[in-house]
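What you see is a predicted model; the values in this text were computed from it and never measured.
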Amino acid sequence: MHYDADNAITTLARQCNAECQAATAGAKPSQYPTLTQPIIDKFAHQASLYGLSRQRLKYRMGVLNGVFPEKG
């Protein structure tokens, strides 16, 4: 189940990241939270259906974007 959960959160994070990037294209940085929060909420709900947390989703997005190093 560990690999299934990891694959699920990675897939959701990629989809969420793509939607967030599309939503913020051309927007001012001050508008980013307003534009991205509903998208993150939607994907966090999907993650909760797999038993995964919002924090884990946001962490995986950070790893994909190079903000956090990948855990070994």
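Criterion: ILVMFWY side-chain heavy atoms under 4.5 Å apart, direct or through other members. Under it, I9 and F43 are part of a common hydrophobic cluster.
Its side chain within the 4.5 Å cluster rule, F68 clusters with Y59, V63, V67 among the Ile, Leu, Val, Met, Phe, Trp and Tyr residues.
For the side chain to side chain contact (heavy atoms under 4.5 Å, CB included) test, residues two or more places apart in sequence or in another chain that qualify with T11 are Q15.
In this structure, T24 contributes its side chain and A27 its backbone to no donor-acceptor pair below 3.5 Å. Remark: the backbone N or O of N7 is not paired with any side-chain donor or acceptor of T10 at under 3.5 angstrom.
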Donor-acceptor pairs under 3.5 angstrom involving side-chain atoms of residues 31-39: please list them, not counting sequence neighbours.
{"unit_1": "Q31", "atom_1": "OE1", "unit_2": "K28", "atom_2": "N", "d": "3.1"}
{"unit_1": "T36", "atom_1": "OG1", "unit_2": "Y32", "atom_2": "O", "d": "2.8"}
{"unit_1": "Q37", "atom_1": "NE2", "unit_2": "D41", "atom_2": "OD1", "d": "3.3"}

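The residues R60 and E70 are annotated as salt-bridged, a charged nitrogen and a carboxylate oxygen being separated by less than 4.0 angstrom.
To the nearest 0.5 Å, the span separating CD on Q46 from SG on C16 amounts to 9.0 Å. For the atom pair R54 CZ and I40 CD1, the distance stands at 7.5 Å (nearest 0.5 Å).
The two residues L52 and A8 make their nearest non-hydrogen contact at CD1-CB, 4.4 Å. What you find for L57 and A44 is that their closest heavy atoms are CD2-N, 3.7 Å.
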